[in-house]
Amino acid sequence: MTDPELRAQSFDIAWMYLDRSGLLTGERRESARFILNRIDRMMLRGERRRLLLSNAAIDAYRLRPVIVTVSA
């Protein structure tokens, strides 16, 4: 499997899980960037296990700080 295929498959697994579980919040483009950033960083360190990449991205997304704006 090539790196682009691994990246895409890992992203798809994470995205589908988060979407189906209702955990995707906010702007979808920013959520996608966050997930891909996590996968990319792990791949740069040499990780090539698809499920570990996707699960780490899911965990990072779930634990990310969320900024809430309040209207006055």
Using every non-hydrogen atom in the two residues, find where S31 and L24 come nearest and quote the distance to one decimal.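 Shortest heavy-atom separation between S31 and L24 comes out as CB-CD2, 4.0 Å.
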Pairwise distance [atom1]([X]) to [atom2]([Y]) - rounded to 0.5 angstrom:
X: N37; Y: M42; atom1: CG; atom2: CE; value: 12.0 Å
X: R64; Y: R38; atom1: CZ; atom2: CZ; value: 14.0 Å
X: I35; Y: I58; atom1: CD1; atom2: CD1; value: 8.0 Å

What pairs meet the ring-ring contact (aromatic ring centres under 6.0 Å, His included) rule with one or both residues in residues 36-58, with sequence neighbours excluded?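 ring-ring contact (aromatic ring centres under 6.0 Å, His included) check on residues 36-58 returns no pairs.
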Scan residues 45-66 for pairs that pass ring-ring contact (aromatic ring centres under 6.0 Å, His included), counting only residues two or more places apart or in two chains.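 Non-adjacent pairs meeting ring-ring contact (aromatic ring centres under 6.0 Å, His included): F34-Y61.
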What pairs of residues pass the side-chain hydrogen bond (donor to acceptor under 3.5 Å, both in side chains) test when at least one of them lies in residues 11-20, not counting sequence neighbours?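 Passing the test, one end in residues 11-20: D19-R28.
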Applying the 4.5 Å side-chain criterion to the ILVMFWY set and letting contacts propagate, would [X] and [Y] be lumped into a single cluster?
X: M16; Y: L18; answer: no
X: L44; Y: L6; answer: no
X: L36; Y: I13; answer: no

Output all residues satisfying side chain to side chain donor-acceptor pair (under 3.5 Å) with E5, sequence neighbours left out; order by chain, then residue number.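 Testing E5 for side chain to side chain donor-acceptor pair (under 3.5 Å), a comparison that skips the adjacent residues, returns T2.
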Regarding S21 and R62, do their side chains bring together a donor and an acceptor under 3.5 Å, going by distance alone?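 No pair is found: no donor N or O on one side chain lies under 3.5 Å from an acceptor on the other.
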Under 3.5 Å, sequence neighbours excluded: what are the donor-acceptor pairs made by side chains of residues 48-57?
{"unit_1": "R48", "atom_1": "NE", "unit_2": "D3", "atom_2": "OD1", "d": "3.2"}
{"unit_1": "R48", "atom_1": "NH1", "unit_2": "M43", "atom_2": "O", "d": "2.8"}
{"unit_1": "R48", "atom_1": "NH2", "unit_2": "D3", "atom_2": "OD2", "d": "3.4"}
{"unit_1": "R49", "atom_1": "NE", "unit_2": "E47", "atom_2": "OE2", "d": "2.7"}
{"unit_1": "R49", "atom_1": "NH2", "unit_2": "E47", "atom_2": "OE1", "d": "3.0"}
{"unit_1": "R50", "atom_1": "NH1", "unit_2": "Q9", "atom_2": "OE1", "d": "2.8"}
{"unit_1": "S54", "atom_1": "OG", "unit_2": "R50", "atom_2": "O", "d": "3.2"}
{"unit_1": "S54", "atom_1": "OG", "unit_2": "L51", "atom_2": "O", "d": "3.1"}
{"unit_1": "N55", "atom_1": "ND2", "unit_2": "L51", "atom_2": "O", "d": "3.2"}

Taking salt bridge (charged side-chain N to carboxylate O under 4.0 Å, His left out) as the definition, give me every residue that meets it alongside D40, ordered by chain and number, with sequence neighbours left out.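 Only R7 meet the salt bridge (charged side-chain N to carboxylate O under 4.0 Å, His left out) criterion with D40.
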